[in-house]
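Structure first, then comments.
Counting convention: from 1, in listed order, for ligands and their atoms alike.
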Amino acid sequence: MSLTFRELTLSHPCFSTGAKPNKGRVHLPVSPGCNIECQFCSRKRSDVEDRPGVTSSLLSPEEALTSVRRAVALCPDITVAGVAGPGDTLATPYALQTFRLIKEELPSIIKCMSTNGLLLPEFADEIIEVGIDSLTVTVNAVEPEIEAMICGKITYEGKRYEGVPAAEILIRNQLEGIRKVTKAGVTVKVNTVLIPEINADHIETVARTVSECGAQIYNIISLIPQHKLTWCTEPDCTLISEARAAAEKHLSVFRHCHRCRADAAGIPGGFDVSKEIYAREFRAENTFSHG
Ligand code: CLF
Ligand code: SF4
């Protein structure tokens, strides 16, 4: 049985809608591949870049379980084990395999998974059965013409799609998947990457649509202009505030996102134990993508 939204607001660092979270999470970089091509995404191995999509190493599900044990021993405030990349969690089987091990060995740990949602309808039953407590779906647009500017290509059922046809499939699956898992009691958070030149005027429509599908909390992530979106700008504080206010008409908004790496560990924005767990030397640059 998954935790309720109310229980998550008290125990999950990315579901606290009021005060800064004092709970922590350990991210397990077990998902190497992806099935879509976000124009802002640059996945890589790095010890220094501090953003989603970046990791020092990849782990097997068994190694990930060991990492959770070490993380909790080092930082007892860690309540959540999350898989947020570096690729998509449903493009390979390792994230769900990892959560099965956690469920068996460490049942009190909250299981949190982040996906682009392309394969969500297909894996919804397994997500429910494994007992994922919180699922994040990154939905950057619900209009195919807008999404096509953000996601260039997808690979789906063995075929490559581009442009608007790709965006139509992605949006359809994201919304269908959100409906399916929320109906079964899984709490869904939606992340949207705010891109001033592309989706800034579209945020309220995304928030309303995903809320109607059952999502309960919304997180706006500022674009880090990179890869094919270097022509775009990072949103300023005013634009972020306006976007949050527009979204908040429809669902709760999370405001303390730290655009975590795929191997982050500790309290977001606070005590960091990732170096001890993943043997990283130091962290510095602040760049971006999903989380
Ligand atoms: Fe990780 Fe994401 Fe789960 Fe949180 S992060 S998989 S929901 S446990 Fe949190 Fe980090 Fe922001 Fe993500 S601060 S990037 S929202
Ligand atoms: Fe895949 Fe996530 Fe990168 Fe998009 S941001 S291409 S979903 S890994």
Side-chain angles (χ1 to χ4, degrees), residues 3 8-9 11-17 20-21 23-44 50-55 68 71 78-92 95 98-99 109-120 132-140 147 150-155 166 170 173-174 187-193 195 215-224 226-229 253-270 272 274 286-291:
L3 293 182
L8 288 170
T9 60
S11 54
H12 190 309
C14 311
F15 283 76
S16 64
T17 51
K20 246 180 152 200
K23 300 293 181 195
R25 44 79 186 105
V26 54
H27 278 177
L28 307 164
V30 297
S31 301
C34 195
N35 39 23
I36 72 173
E37 291 182 23
C38 298
Q39 304 282 40
F40 51 71
C41 177
S42 154
R43 291 195 303 284
K44 65 168 152 176
D50 201 3
R51 62 171 171 88
V54 172
T55 182
V68 181
I78 289 180
T79 52
V80 177
V83 183
D88 184 62
T89 50
L90 297 175
T92 51
T98 301
F99 286 122
I109 293 287
I110 296 169
K111 296 178 283 303
C112 184
M113 184 167 163
S114 178
T115 176
N116 61 37
L118 179 66
L119 298 180
L120 199 46
I132 299 299
D133 296 290
S134 50
L135 183 77
T136 295
V137 187
T138 300
V139 180
N140 294 322
E147 180 63 42
I150 303 172
C151 171
K153 292 176 190 147
I154 67 166
T155 304
L170 180 60
N173 286 7
Q174 288 171 330
T187 299
V188 167
K189 167 163 90 36
V190 166
N191 280 356
T192 298
V193 178
I195 309 169
Q216 283 183 284
I217 185 163
Y218 193 66
N219 178 30
I220 292 167
I221 302 188
S222 299
L223 174 76
I224 294 173
Q226 59 179 9
H227 194 47
K228 293 185 182 161
L229 290 191
V253 171
F254 172 62
R255 292 168 192 270
H256 302 291
C257 183
H258 284 272
R259 301 193 294 202
C260 308
R261 289 173 47 115
D263 60 359
I267 297 173
D272 182 349
S274 57
N286 186 23
T287 47
F288 166 98
S289 120
H290 76 140

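At least one heavy atom of Pro86 sits closer than 4.0 Å to an atom of ligand 2. Close to ligand 2: Gly87, with a non-hydrogen atom less than 4.0 angstrom away. Note on ligand 1: Met113 sits outside its first shell, no heavy atom being nearer than 4.0 Å.
Among Ile132, Thr9, Leu8, the one residue that satisfies the side-chain contact (heavy atoms from CB on, under 4.5 Å) test with Thr187 is Leu8.
Summarising the contacts of atom 1 (Fe) of ligand 1 with Lys189, Arg261, His27, Arg25, the nearest heavy atom is found in His27.
In the vicinity of Cys41, heavy-atom distances shorter than 4.0 Å reach the ligand 2 atoms 3 (Fe), 5 (S), 6 (S), 8 (S). Short contacts between ligand 1 and His258, defined as distances under 4.0 Å to a heavy atom of the residue, involve ligand atoms 11 (Fe), 13 (S). If you number the atoms of ligand 2 from 1 as listed, the ones under 4.0 Å from a heavy atom of Asn116 come out as 7 (S).
With a 4.0 Å cut-off on non-hydrogen atoms, Cys34 touches ligand 2 through its side chain and not its backbone. Of all the heavy atoms of Cys112, the ones lying under 4.0 Å from any atom of ligand 1 belong exclusively to the side chain. Neither the backbone nor the side chain of Cys151 has a heavy atom within less than 4.0 Å of ligand 2. Using a 4.0 Å cut-off between heavy atoms, Ile36 contacts ligand 2 through both its backbone and its side chain. Only the side chain of Asn219 comes within contact range of ligand 1, with a heavy atom under 4.0 Å; no backbone atom does.
In summary, the side chains of Asn35 and Thr155 do not present any donor paired with an acceptor at a separation below 3.5 Å, with no hydrogens or angles considered. No side-chain donor-acceptor contact under 3.5 Å links Ser42 and His227. In summary, the side chains of Lys23 and Ser11 do not present any donor paired with an acceptor at a separation below 3.5 Å, with no hydrogens or angles considered.
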**OP:** Go through the steps to decide whether Lys189 and Cys14 satisfy the test side-chain contact (heavy atoms from CB on, under 4.5 Å), and finish with yes or no.
**Re:** CA-CA 9 Å; Lys189 167 163 90 36; Cys14 311; 4.0 Å; yes

**OP:** Under the side-chain contact (heavy atoms from CB on, under 4.5 Å) rule, what do Leu135 and Leu120 come out as? Steps first, then yes or no, please.
**Re:** CA-CA 10 Å; Leu135 183 77; Leu120 199 46; 3.7 Å; yes

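Judged by distance alone, with hydrogens and angles left aside, the side-chain atoms of His27 form no donor-acceptor pair with the main-chain N or O of Ala81 at under 3.5 Å.
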